[in-house]
Structures are given as structure tokens and as C-alpha cells.
Amino acid sequence: MSPMFVPGPVDVAPEVLAAQARPMMPHRSKEFETLFQRTAEKAQKLFYTQNRIFQGTASGSGMQEAGVRNFVQDTVLACVNGAFAERWYDVAVANGKQADRLEVEWGKAVTPDLLEDALRKKHYEAVTIVHNETSTGVQNPVQELAAVVQELSPDTLVLVDAVSSLGGVKIEMDAWGIDFLLTSSQKCLALPPGLSLASASDRAMQKAETVKNRGWYFDLLRMEKHRLKDSTPMTPAMPLIYALDVQLDRIFVEGLEERFARHAAMAARVQAWALERGMPLVAAEGYRSNTVTAIHNERGFPVAELNKFLFQRGMRIANGYGGLKEVSFRIAHMGELQLSDIDTLLSAMDEFLA
Ligand SMILES: Cc1ncc(COP(=O)(O)O)c(C=O)c1O
């Protein structure tokens, strides 16, 4: 397997890939219900929640849409400090919501004082926050942000995108008071793309009952009705759920704390490497992601040439994202990657730089 240091889709372990080749079964069957229930119970541990788990046949963006569609009738505050937070804002607007932006410069975090100011000016039904901004490698302080919402505007729902961090970083949904937490399969969970997981609090589901035009495919009340019978309203992505079942077992064999520590150690190594070579990080100190690092290309080499060089050695990294495309590059350190893979990559990069 040639390691991919890109922020998804990431490499998938052979036994997880193989799990997808199991024979299909009818989804209206006891066997499927057992699988659905088992995977949901395991996912609850990963989300640190007692709340319901939804398994969506869509990538994470589908659950971004579900979040604003189900839990917001009119007003939502979108915290925007990168491309994926921007996307969530766009999704809210495209669904007819009155979305305001709490705008923060790319590379900086959304901090509690900024959120506090915004919440003092206006009341919102919900706030959207991207936990780990994949475009910049910034990790927003979600626990503190959720605490601000609870203190200043307790009926405002806290909606969190953890697409590029859940499974690599500890996010305690219940303890932090998150109302909706979503992720995609193809990043820290190291599964193939196409499956999203999300969890919603009881009060969020109660709010959804009052929201009109929740749509059909992502109507979480419809999903909930079927979920209570350990099933889905539509045909589920069965091969991905087979893979999820196997992968969650592998994750628990490694141990959650051990997995989070491995991600933190890989991040520390990559970030130290860049700084030692005079290349600043896009993310401000104190808010650096444990799963992806964006590095300013201070040396001005063509990133495409670097990737060509790495590709010959069976590796690849990612361009900068959006406006940072030409001036930065990103190294993901998530999923199945180990410190030894990071060392191999960084040695090859040193060879290229030399
Ligand atoms: C933070 C974040 N949110 C949302 C998305 C969109 O997820 P998906 O591509 O699974 O729809 C991504 C994709 O990279 C992401 O990194």
C-alpha cells in the first residue's frame, strides 16, 4: 500500500476493503437490523454520546445539508474561517435559510470572544462550526464555543462538522453539549467514501418537529422513524456498513486514546519539520489540527514537482486549498498512517528540498 498523505479519501486497510465484498442481504431483514444496531452502538462510543446515530448514504456534505434543513427554520450563524465552513454557509443559503456569517481570517480560529460578540447582537436558532478546517489545518475550540452558546443563548443549537477529525481527535458530543455532530467515512475513520455518520440530541430532534420543509431524503425525522426499528428509510450503502463494522472493531482494538495520541504525535512531527525548515504553518499557534497540516510554501518550489517526486516513491500529498492553492501545500496525518510513514515522507521531502 502506498501511503496517501491527503485529507481524504485516505488509504483503507485491506481487510476493511475486503469486508465490502461480502454478499449483500435485504435491508428489510433481521440480519441487516442486527448489523445496523451493532454499528450504531459502536459509533456511539466514537462520538462519546448516548444519542442516536444516523448512517447516511451520502458523503459528509449531505449531513451538512441535513443539519441546516432539519434544525433551522430561519436564522443560523455560520462561523466561517475556511473553505468547508464557507460551504456550510452556502448550503444554508441554498436551502433558503437566513444565514449570517461570523467571519474570521483563514488560518485563524473562531474564538469564544468573537462568538460571544455575535450572539450578543442577535438571536439564532443554530450556530454552525467546523471543528477541523481541512483547508487551513485549523482546529476550532468547539468545547469552548459550545460553552459560550450554552451560556449566552441556551436554546441555540450547536451544529458541528467533524468531517476531517472525528475518529482522530477526541470530540465529546454529550459532555460538550453538541446538538448535531457529523462526519464522513473517508477521512480519520479510514473507510472508503460514500457514507456519513451523524448524531443528534433529543432537543435537536424536538426542534426538527417544528421545522417546515425539511426535505425528503435528509429528513431526519423520517430517518429516526426507521432508525428506531434499526433500519433506514432508503436502501443503505450496505458494503460501506460492512466495512464500518470491521473498521470500528479495528479502531477499538487500537484503543481510542491510543488512536488520538497517534494522530497528535504525527501532527507534532510534521509541524516541527516544517517550522525547522523555515516554512510557516497556515494555522495559528494553539489551534493547529492533529489530522492535517497546511504549510506555507515559503521556499516557492512547484508543489506539482514535489508531488511527482513523491509519487515515484509511492506517496502523495495535497495542494493548498482554494485561495491557498498556489502558496501552500497540505500534509494529512490521519486514518491508518503511522509515525514511520510520516518519517518516510519527511525524509523524501528533505531529499526533494535538497
Ligand atoms: C471539514 C470538511 N467538511 C466537509 C467536507 C465535505 O465532505 P464530503 O466530501 O464528505 O462531502 C470536507 C471534505 O473534505 C471537509 O474537510
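Atoms within a ligand are numbered from 1 in the order they appear, just like the ligands themselves.
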Undergrad: Go through ligand 1 atom by atom and flag the ones less than 4.0 Å from a non-hydrogen atom of Ser59.
TA: 8 (P), 10 (O), 11 (O)
Undergrad: For Asn132, take its heavy atoms, then give the atoms of ligand 1 lying under 4.0 Å from any of them.
TA: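 Result: 1 (C).
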Undergrad: Does the distance from a Lys or Arg side-chain N to an Asp or Glu carboxylate O, for Asp155 and Arg203, drop under 4.0 Å?
TA: no
Undergrad: Does this structure show an ion pair linking Arg262 with Glu258, if we count only N-O contacts that are shorter than 4.0 Å?
TA: no
Undergrad: Can you list the atoms of ligand 1 that are under 4.0 Å from a heavy atom of Val130?
TA: 1 (C)
Undergrad: As an exercise, state the distance from NZ of Lys187 to OG1 of Thr134, rounded to the nearest 0.5 Å.
TA: 5.0 Å
Undergrad: Report yes or no: do Phe329 and Leu345 belong to one cluster of Ile/Leu/Val/Met/Phe/Trp/Tyr joined by side chain heavy-atom distances under 4.5 Å?
TA: yes
Undergrad: On the six-membered ring of Tyr89, is Arg101 placed so that its NZ or CZ lies under 6.0 angstrom from the centre and within 45° of the ring axis?
TA: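 Output yes; distance and angle both within limits.
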Undergrad: On the 0 to 90° scale, with breaks at 30° and 60°, tag the Phe301-Phe352 ring pair as parallel, tilted or perpendicular.
TA: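 Correct class here is perpendicular.
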Undergrad: Against ligand 1, does Arg87 come closer than 4.0 Å with any heavy atom?
TA: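 Per 4.0 Å heavy-atom rule, Arg87 contacts ligand 1.
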Undergrad: Under 6.0 Å from the six-membered ring centre of Phe252 and within 45° of its axis: does the NZ or CZ of Lys45 meet both?
TA: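 Yes, cation above the ring, under 6.0 Å and within 45°.
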Undergrad: Are any of the N/O atoms in Gly60 less than 3.5 Å from those in ligand 1?
TA: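 Yes, at least one N or O pair falls under 3.5 Å.
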Undergrad: Which protein non-hydrogen atom lies closest to atom 14 (O) of ligand 1, naming both residue and atom, and how far is it?
TA: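 Among all protein heavy atoms, the one nearest atom 14 (O) of ligand 1 is Lys187 NZ, 2.6 Å.
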Undergrad: Tell me which one of Thr291, Val292, Thr134 gets a heavy atom nearest to atom 1 (C) of ligand 1.
TA: Thr134
Undergrad: How far is atom 9 (O) of ligand 1 from its nearest protein heavy atom, and which residue and atom name does that atom have?
TA: Gln186 NE2, 3.6 Å
Undergrad: Taking 4.0 angstrom as the limit and counting only heavy atoms of Ser61, give me the atoms of ligand 1 inside it, by number and element.
TA: 6 (C), 7 (O), 8 (P), 11 (O)
Undergrad: If you have a sec, work out which protein heavy atom is nearest atom 5 (C) of ligand 1 and how many Å separate them, to one decimal?
TA: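 Among all protein heavy atoms, the one nearest atom 5 (C) of ligand 1 is Phe84 CD2, 3.5 Å.
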Undergrad: For ligand 1, note which part of Glu133 has a heavy atom under 4.0 Å away: side chain, backbone, both or neither.
TA: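 For Glu133, there is no contact with ligand 1 at all, from either part.
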Undergrad: Measure from NZ or CZ of Arg313 to the centre of the six-membered ring of Phe309, then state whether that distance is under 6.0 Å and the direction lies within 45° of the axis.
TA: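 Positive - Arg313 is close enough to the ring of Phe309 and near enough to its axis.
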Undergrad: Hey, is the main chain of Asp219 close enough, under 3.5 Å, to the side chain of Asn70 for a donor-acceptor pair?
TA: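 Side chain of Asn70 to backbone of Asp219: no pair is present.
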Undergrad: Tell me which part of Ser184 gets within contact of ligand 1: side chain, backbone, both or neither, using heavy atoms under 4.0 Å.
TA: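 The side chain, only.
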Undergrad: Evaluating non-hydrogen atoms only, which member of Leu182, Asp161, Leu195 is closest to atom 4 (C) of ligand 1?
TA: Asp161
